[in-house]
Q: 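Just dropping this structure here.
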2 protein chains.
Amino acid sequence: MAGQKKKSPPTRTPAPAEAGASRTSLWERLATPAPAARTVLTPERIAEVAVGIADAEGIEAVTMRRLATELGVAPMAAYRYVSGKDDLLELMVDRAYGELAAPEPGAGWRETLRGLAVRTRELVLRHPWLVQLPSGRAAVAPTPNRVALAEWGMRALAEAGLSADETMAAVDTVGSYVQGRTAAEVATRHLMAAQGAPGDADALRTSMAPEMTWLIRTGRYPAFHHYIGTARHKDDPQWQFETGLDCILDGLATRLHI
Amino acid sequence: MAGQKKKSPPTRTPAPAEAGASRTSLWERLATPAPAARTVLTPERIAEVAVGIADAEGIEAVTMRRLATELGVAPMAAYRYVSGKDDLLELMVDRAYGELAAPEPGAGWRETLRGLAVRTRELVLRHPWLVQLPSGRAAVAPTPNRVALAEWGMRALAEAGLSADETMAAVDTVGSYVQGRTAAEVATRHLMAAQGAPGDADALRTSMAPEMTWLIRTGRYPAFHHYIGTARHKDDPQWQFETGLDCILDGLATRLHI
DNA sequence: GGTCTGTTGCGTACAACGTATCAAGAGTAG
DNA sequence: CTACTCTTGATACGTTGTACGCAACAGACC
């Protein structure tokens, strides 16, 4: 089934320029076992190098030219494997999510879901660009390893005897929370890191982004001001993340009677 | 305090090119009452026109040139008011969030939080680009109207007698969920709208994006396959949103004893 | 009313990006 | 060795964001 004699069908469609209609899903294209010729470039290597750039210098440093340079290859070479930059980003996302290991089957649904959420947060902190993708498509694209994450969550809930709708709602709820919360955490960290305004000692004292400091001073947000002033865990994103997560898991247990 | 005689201080700093160090927060710059000269352009009009473009043709149609054309103005004119495209996006986001009205004070914390979440989802569905921003900074920037949303949430929880940490955790948890869930919903809708692959009747029957269909067929995701095949509310994002939201509200009530 | 001052908008220009297109190269099968 | 196919290179184009300097206008004061 691998190699035919004459007029062998093209083994891998060369990234069909995303022609509106028949967009074969990148993963489908990549699944053909790569018939081997002069193979200098592979999707894995492309993804690995791109992830390396993004980790080291941020997602905005990942340009097709920079990637090519890093790969020691001409600027257009990677286009044989990805149909455009969006595909590249999807490849990167999938590689990153590939770092997540499957949960051990023994644990209960709650421990499993909690572990997946916590480890996903750690993954995002390791690769902050996961929640800073410039594409919007890649940010939520169903890549194989990302779908695997949902699969694990659903398997964990199988024991609970929920309906299909309830199971999906539970998994998606936790997933949405993780995505939203980690995005906010990474953004906050970036805002704080970018501060350097002189004379804004308030910003450092209250550990707040300077833009936020000014907003607070307008007096439009008394409750916000009060709470942010007295909160003790304000600089403990892990506590915030896990507190919210535990609330959600409580809620699932309560409402779904599990 | 408004007009001095001679050597009057410059009334509005002309968008200081974002010089790393002293980044005055856009909102601070805009707060100076605009000393009136030949005012053809205002931040409000810029935001309004930009939002109009994004609503009609998607966020990728919003370029500085296109914006200038629509404003009937030279390409660089808007740079007097925004220091770059990121600022423009922030302006747009804030204008969109400005559509949200403050909740009525009478209701309890749960109804208020629920109403804010539901109405925020409707807002995002009205302006899908809110969760497709190419910047990542603008996507989570604390703009005045967005902070106002958090403020309302905190005021609603004031009656519940929670600690500052608990209050912030509750508001941020709901907010993160809304952000994550709506982003996924908008992305799914886009994926489905972009489908047109011939011969993929399965995609339509199961109302799944074609990329997802292929992934499922690999057999790597049996639980996912099973649940998505039997779920009845699979095409009812509102049900999914509200179910998850109610779970979270339940969880807050349970864990925080309110 | 004339002049002065500073803000507002315009025009040009450039570097960087994503990507289309075609030609050349490497490798294997016969 | 020859023919064929897949892979990479080179070149180039259109579009984007934006730096820079200059011209036009409004109002304040003499």
Side-chain angles (χ1 to χ4, degrees), chain A residues 2-19 29-30 32-43 45-46 50 53 59-69 71-89 134-135 137-138, chain B residues 2-19 29-30 32-43 45-46 50 53 59-69 71-89 134-135 137-138:
Chain A
Q4 239 167 313
K5 286 196 171 182
K6 289 182 178 178
K7 281 297 172 70
S8 68
T11 46
R12 172 140 49 187
T13 6
E18 193 149 2
R29 263 184 286 123
L30 261 44
T32 67
R38 167 183 51 158
T39 283
V40 183
L41 241 39
T42 64
R45 207 161 84 80
I46 293 176
I53 299 173
I59 191 65
E60 69 279 355
V62 179
T63 73
M64 297 306 281
R65 285 170 160 84
R66 174 71 192 282
L67 173 65
T69 305
L71 284 164
V73 118
M76 291 294 293
Y79 276 88
R80 182 89 11 193
Y81 299 89
V82 295
S83 74
K85 192 169 187 186
D86 273 11
D87 265 15
L88 173 66
L89 294 175
S135 151
R137 189 190 105 200
Chain B
Q4 239 164 315
K5 285 197 173 185
K6 289 181 182 180
K7 280 295 169 72
S8 69
T11 46
R12 170 142 52 187
T13 10
E18 192 146 3
R29 262 185 286 122
L30 262 43
T32 66
R38 166 181 51 159
T39 282
V40 181
L41 241 40
T42 65
R45 207 161 85 81
I46 292 175
I53 298 173
I59 191 65
E60 69 277 355
V62 178
T63 73
M64 297 306 281
R65 285 170 161 82
R66 174 70 194 283
L67 173 65
T69 304
L71 284 165
V73 123
M76 290 297 291
Y79 276 87
R80 281 283 153 190
Y81 298 88
V82 295
S83 75
K85 192 170 187 186
D86 273 12
D87 265 16
L88 173 65
L89 294 175
S135 151
R137 187 190 106 202

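All values below come from the heavy atoms of this structure, side chains included, with hydrogens, waters and symmetry mates left out.
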Q: Nearest whole Å is fine: how far is dC14(C) C1' from Met76(B) CE?
A: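 Result: 12 Å.
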Q: In whole angstrom, give the distance that lies between atom CZ of Arg80(B) and atom P of dA23(D).
A: 15 Å
Q: Taking CE from Met64(B) and P from dA15(C), how many angstroms apart are they, rounded to a whole number?
A: 21 Å
Q: Counting just side-chain N and O atoms, does Tyr79(A) come under 4.0 Å of either OP1 or OP2 of dT7(D)?
A: no
Q: Tell me which of Glu60(A) and Gly72(B) sits closer to the 5' end of DNA chain C, going by the nucleotide each one is nearest to.
A: Gly72(B)
Q: Specify the separation, in whole Å, of atom CG of Leu88(B) and atom P of dT16(D).
A: 14 Å
Q: Report the distance from atom CZ of Arg29(B) to atom P of dT8(C), rounded to the nearest whole Å.
A: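 It is 12 Å, rounded to the nearest whole Å.
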Q: What's the verdict on side-chain contact (heavy atoms from CB on, under 4.5 Å) for Lys85(A) and Leu67(A), showing C-alpha distance, side-chain angles and the deciding distance?
A: CA-CA 11 Å; Lys85(A) 192 169 187 186; Leu67(A) 173 65; over 6 Å; no
Q: Is the shortest heavy-atom distance from the side chain of Ile46(B) to the side chain of Arg80(B) under 4.5 Å?
A: no
Q: Side chain of Tyr81(A), heavy atoms from C-beta onward: which of dT8(C), dT8(D), dG11(C) has the nearest atom to it?
A: dT8(D)
Q: May I have the distance from Arg65(A) (atom CZ) to dA10(D) (atom C1'), rounded to whole angstrom?
A: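 Result: 12 Å.
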Q: What's the closest nucleotide to the Val73(B) side chain, out of dG9(C), dT18(D), dG9(D)?
A: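 Side chain of Val73(B) sits closest to dG9(C).
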Q: When the distance from CG of Asp87(B) to P of dT18(D) is rounded to whole Å, what number comes out?
A: 9 Å
Q: Under the criterion side-chain contact (heavy atoms from CB on, under 4.5 Å), I'd like the reasoning laid out for Val73(A) against Arg45(A): C-alpha separation, chi angles, the key distance, then a yes or no.
A: CA-CA 12 Å; Val73(A) 118; Arg45(A) 207 161 84 80; 5.5 Å; no
Q: Would you mind reporting whether Leu89(A) and Arg137(A) have side-chain heavy atoms less than 4.5 Å apart?
A: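 The answer is no, as the side chains (C-beta and beyond) never meet within the 4.5 Å cut-off.
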Q: Take atom CG of Leu41(A) and atom P of dG25(C), then tell me their distance rounded to the nearest Å.
A: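 From Leu41(A) CG to dG25(C) P: 19 Å.
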